[in-house]
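Everything below concerns the one structure shown next.
Each chain gets a letter, A, B and so on, in the order its sequence line appears, and its residues count up from 1. Reckoned from all heavy atoms, side chains included, excluding hydrogens, waters and symmetry mates.
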Amino acid sequence: MNTGFDDIPFFDEEPAPRKPAIGKSDGKVDMDAARPVDAPGTMGIAARAIAARDQARAPDYLSGLNPEQREAVETLDGPVLVLAGAGTGKTRVLTTRIAHVLATNRAFPSQILAVTFTNKAAREMKERIGVLVGGAVEGMPWLGTFHSIGVKLLRRHAELVGLSSDFTILDTDDVVRLIKQIIQAEGLDDKRWPAKQFAAMIDGWKNKGLDPSQIPEGDARAFANGRGRELYAAYQNRLKSLNACDFGDLLLHPIRMFRANPDVLRDYHQRFRYILVDEYQDTNTAQYMWLRLLAQRPSSKNAEGKTVNGTVNICCVGDDDQSIYGWRGAEVDNILRFEKDFPGAKVIKLERNYRSTEHILGAAGHLIAHNEGRLGKTLFTDRVDPNDEKVVVHAAWDSEEEARAVGEEIEQLQRNQHLLNDMAILVRASFQMREFEDRFVTLGINYRVIGGPRFYERLEIRDAMAYFRVVCQAADDLAFERIVNTPKRGLGDTTIRNLHDYARARNIPMLQAASDIVLTDELKPKARKSLLDVVADFSRWQDMLDNTPHTELAEKILDESGYTAMWQNDKSAEAPGRLDNLKELIRSMESFESLRGFLEHVSLVMDVEQNENMDAISIMTLHSAKGLEFETVFLPGWEEGLFPHQRALDESGRAGLEEERRLAYVGITRAKRRCHLWFVSNRRIHGLWQSTLPSRFLDELPPAHVEVAEAESSYGGYGRGGGYGQSRFDKQEPFQNNYSTPGWKRAQANKTDATRENWGSRSGHAVERIGYGESGPRGKTIDGQLVAKSTASEPSKFAVGDRVFHIKFGNGNVSAVEGNKLTIDFDRAGQKRVLDGFVERA
DNA sequence: CCTGGAGCAGTTTTT
DNA sequence: CTGCTCCAGG
């Protein structure tokens, strides 16, 4: 896999322009003229005949594409924007397009630049191209994230921006610590001017592509009594002297480098014959500038003296309706402006959806139509089934009941042989997850939380990595400072400050300073001895770097430094888990060639794959759900203030509301067959109960595709809080909601009664009702069929009295076993019921 | 150097 | 009501 520094020769030979073996050579598609792109499903007869003819002749990889997809694949010349709605085969287009370029010998694999946002997307794309073109994908060094490609460029040309090619990449944590140092060094109060906040500001500036000299005066004034600009500059200087980059620099340095070195840029212009960009709606200004530099070539005269289009064959794929990252710098405007930016651009809309039912598409489409400033797409599907369930809106009293009712629906689906793997709960904010987790633990429903704290962000992993970093890169002061006294070696603040000053005064790395200072009398004997040991350790490990297998060395480092022992001696509940993580870390190094290669990988790839083996429902935020799909999707928490989130409204007004609406759109369009929306009347926010109003987005759904769930058995019903029906917001909306469906009317009529009933039935909640059967059928597809398929049928491998460990609750003793559900007396957390899958033998 | 309690904030997330 | 950070006191 990743071997660290890349060793791909800069230029390989140019491919001789050969006539493609199959297909057309001019890249023009005959059907273009015949079919207006904005009329879905309508195609002239002649065009259909041509399509059919081409289909018959087309190479394998093109078969099965619909006409729009095919056009997007075959329009290879000039700028192309593919507006790919949710579930319209976006990735397929992207990968097939690359396969097509390769199969027709238009470019070598190394001449294609394909950019994604996440490592996951890059990985998937690589896999899928591999399926189409086999090993050729291995020759695509320029397929990756913006950042990983940025690193590759920088390693080559580091000296052009004043770095050396072995620069280190700092993550957010390092950055914050560094900024804190700077703030303190400037004599500022780091309480009043938090490093975190300033790090966020710098991040924002870098997203916009701004140097310290370019930031707006207002921004510069906003921090540290007007010293923002100065601090930003100081930070950049510090990075340079550390030979380090933050994530933003991975984009900005290449931009600077290209601007200052037109000859280098020209080389890359020659190299990249085709540029492809995934999720274009998520690009920020810096990424846009980066792409522009690479894509926009100087216009030139051709043989006949005509001016030739100066733009490379760039293809951007995205969906303005799924732009949900404005808050971290993404500019929807980039995609909205595409045709202006790239004159003569071809815009192809993919609107044929292969994922969802007509009701789901209808609901999502009607909702998103409330946004202004869209490029405008309407998803449709051919596969219409009268048995398809409408989108269902449920009301619950409070979040506890919401979780309980969702739990019952899940069990009902399970009894009808649906897999948990096909279901997901998508929440707006992660605090919503907890209630579901609690409920699922009680019910014995396996679940998996997607997102959350990531492996490489864990304390122990970062510590271990810091050791490795110092061994590989003795000048990595941030890493050195992190672990110089971890485990505790009696090297306190005073010693560290001493060391720090010594190093700064002589302008040498701290490790170097340490090995010098121990020869002097500057430190107390105790500290001196400790530091001497540390220096000796590192020098020994550095010597072993080139002649010891890296996993072995890594283990040695952790053992000899006393780091492993530190956790072994730790009695806290999380210590065993941390040791496991360290083992996992070593294991994951095996697939790399060297410690260095591993570090490079980890600095860019912060995620680690989840265990997909067990059948479990996924719980995640709407943001992390983008790009995924599930048979059944539950969307809880559709209440004003939570969704749309109050802060989005307060901070970004109309734009914020529209982004929230896009988030709702993303949520609904994750569902293939069933989509259930929930709102509650009471939610506990920051510890206190507040009554809430249903989300305005519910009012924006089309009645024809939506049904309101019947009040559910003993505790269902509609809370007070009221106006569920008429749109109370956006009064000037072009849409008139008229809810005339029976279910909706009933809901309206029931509102007051249900409220009263609910108040009355509160006491019933004290008794937890775990069981099947009684709850009436909801929706159309799930009725009857009370097949007893207990989730708790497997005998547990644990027995009463076993000593077990739980990642969250720590150690405890099993006091009861019931199927796969255990009752455990935890040493610290008290008695809990837990699924046996979540514990292991202590 | 360690730890407990006060104090405070509290969407969304990738690289 | 949490969970985290930071400071002060042992």
Report task. Give the nucleotide from the list B:dT14, B:dC1, B:dT15 with an atom nearest to the side chain of A:Phe247. Result -> B:dT15
Query raised in the report: Going by distance alone, is a donor N or O of one side chain under 3.5 Å from an acceptor N or O of the other, for A:Tyr447 and A:Glu437?
Result: yes
Query - Interatomic distance where NE2 belongs to A:His601 and C1' belongs to B:dT14 [whole Å] - result: 15 Å
Report summary line: Between A:Phe146 and the options A:Trp290, A:Tyr280, A:Phe247, A:Tyr288, the ring-ring contact (aromatic ring centres under 6.0 Å, His included) test singles out A:Trp290
Query raised in the report: Base, sugar-phosphate, or nothing for A:Gly490, non-hydrogen atoms under 4.0 angstrom?
Result: sugar-phosphate
Grab the N/O contacts between the protein and nucleotides 8-11 of chain B below 3.5 Å, and write none if there aren't any.
{"unit_1": "B:dT11", "atom_1": "O4'", "unit_2": "A:His645", "atom_2": "NE2", "d": "3.3"}

Report task. Could you check if the base of B:dT12 is syn or anti? Syn means the glycosidic torsion is within 90 degrees of 0. Result -> anti
Report task. Assess A:Arg661 against A:Phe697: is NZ or CZ under 6.0 Å from the centre of the six-membered ring, and within 45 degrees of the ring's axis? Result -> no
Report task. Write down the distance between CZ (A:Arg462) and C1' (B:dT15), rounded to a whole number of angstrom. Result -> 13 Å
Report task. Report the distance from atom NZ of A:Lys120 to atom P of B:dT15, rounded to the nearest whole Å. Result -> 10 Å
Report task. Measure the spacing between OG1 of A:Thr145 and CD1 of A:Ile149 and express it to the nearest 0.5 Å. Result -> 6.5 Å
Report summary line: In terms of heavy-atom contacts, A:Asp249 and A:Pro254 come closest through O-CD, 3.5 Å
Query raised in the report: So which one's nearest nucleotide on DNA chain B is more toward 5', A:Arg489 or A:Thr621?
Result: A:Arg489
Requested in this report: Let me know the distance between CG of A:Asp171 and C1' of B:dT15, rounded to the nearest Å.
Outcome: 10 Å
Requested in this report: Have a look at A:Leu170 and say if it touches a base, only the backbone sugar-phosphate, or nothing, with a 4.0 Å heavy-atom cut-off.
Outcome: nothing
Query raised in the report: Nearest to the side chain of A:Lys180 - B:dT15, C:dC6, B:dT12?
Result: C:dC6
Query raised in the report: With sugar-phosphate meaning primed atoms plus P, OP1 and OP2, does A:Ser624 contact a base, only sugar-phosphate, or nothing at under 4.0 Å between heavy atoms?
Result: sugar-phosphate
Query raised in the report: When you check the side-chain N and O atoms of A:Asn581 and A:Glu460, is any donor under 3.5 Å from an acceptor?
Result: yes
**Report entry** Check: A:Trp193 ring centroid to A:Phe198 ring centroid under 6.0 Å
**Finding:** no
Query raised in the report: Would you say a side-chain N or O of A:Asn485 is under 4.0 Å from OP1 or OP2 of B:dC1?
Result: yes
Report task. Could you check how far CG of A:Leu250 sits from C1' of B:dT15, rounded to whole Å? Result -> 8 Å
Report task. Let me know the distance between CZ of A:Phe117 and P of B:dT14, rounded to the nearest Å. Result -> 13 Å
Query raised in the report: Do A:His253 and A:Arg256 have side-chain atoms, one donor and one acceptor, less than 3.5 Å apart?
Result: yes
Query - Dot-bracket pairing map - DNA chain B, Watson-Crick plus G-U, both contacts under 3.5 Å, | cross-strand - result: ||||||||||.....
Requested in this report: Could you check whether A:Asp282 gets within reach of a base, just the sugar-phosphate, or nothing at all, counting any heavy atom under 4.0 Å?
Outcome: nothing
Requested in this report: Give a yes-or-no answer on whether the side chains of A:Gln184 and A:Glu186 include a donor-acceptor pair shorter than 3.5 Å.
Outcome: no
Query raised in the report: For A:Lys526, which contact category applies under a 4.0 Å heavy-atom criterion: base, sugar-phosphate, or nothing?
Result: nothing
Query raised in the report: Which word best sums up how the rings of A:Tyr563 and A:Trp567 line up, parallel for under 30°, tilted for 30 to 60°, or perpendicular for over 60°?
Result: perpendicular
Query raised in the report: Going by distance alone, is a donor N or O of one side chain under 3.5 Å from an acceptor N or O of the other, for A:Asp321 and A:Asn371?
Result: no
Report task. For the side chain of A:His623, starting at C-beta, report the closest nucleotide among B:dT15, B:dC1, B:dT12. Result -> B:dT12
Query - Rounded interatomic separation in angstrom, taking CZ from A:Arg192 and C1' from C:dT5 - result: 20 Å
Requested in this report: Give a yes/no verdict on a cation-pi contact between A:Arg328 and A:Tyr325, requiring under 6.0 Å between NZ or CZ and the six-membered ring centre and an angle within 45° of the axis.
Outcome: yes
Query raised in the report: Taking atom P of B:dT15 as reference, at what distance in whole Å does atom CG of A:Asp174 sit?
Result: 16 Å
Requested in this report: Could you check which residues of residues 197-208 of chain A get a heavy atom under 4.0 Å from DNA chain B? Sort them by number, please.
Outcome: none
Query raised in the report: Would the number of heavy atoms belonging to other residues, nucleotides or ligands and lying under 6.0 Å from NZ of A:Lys208 be above 12?
Result: no
Query raised in the report: Expressed in whole Å, how much space separates the P atoms belonging to C:dT2 and B:dT13?
Result: 22 Å
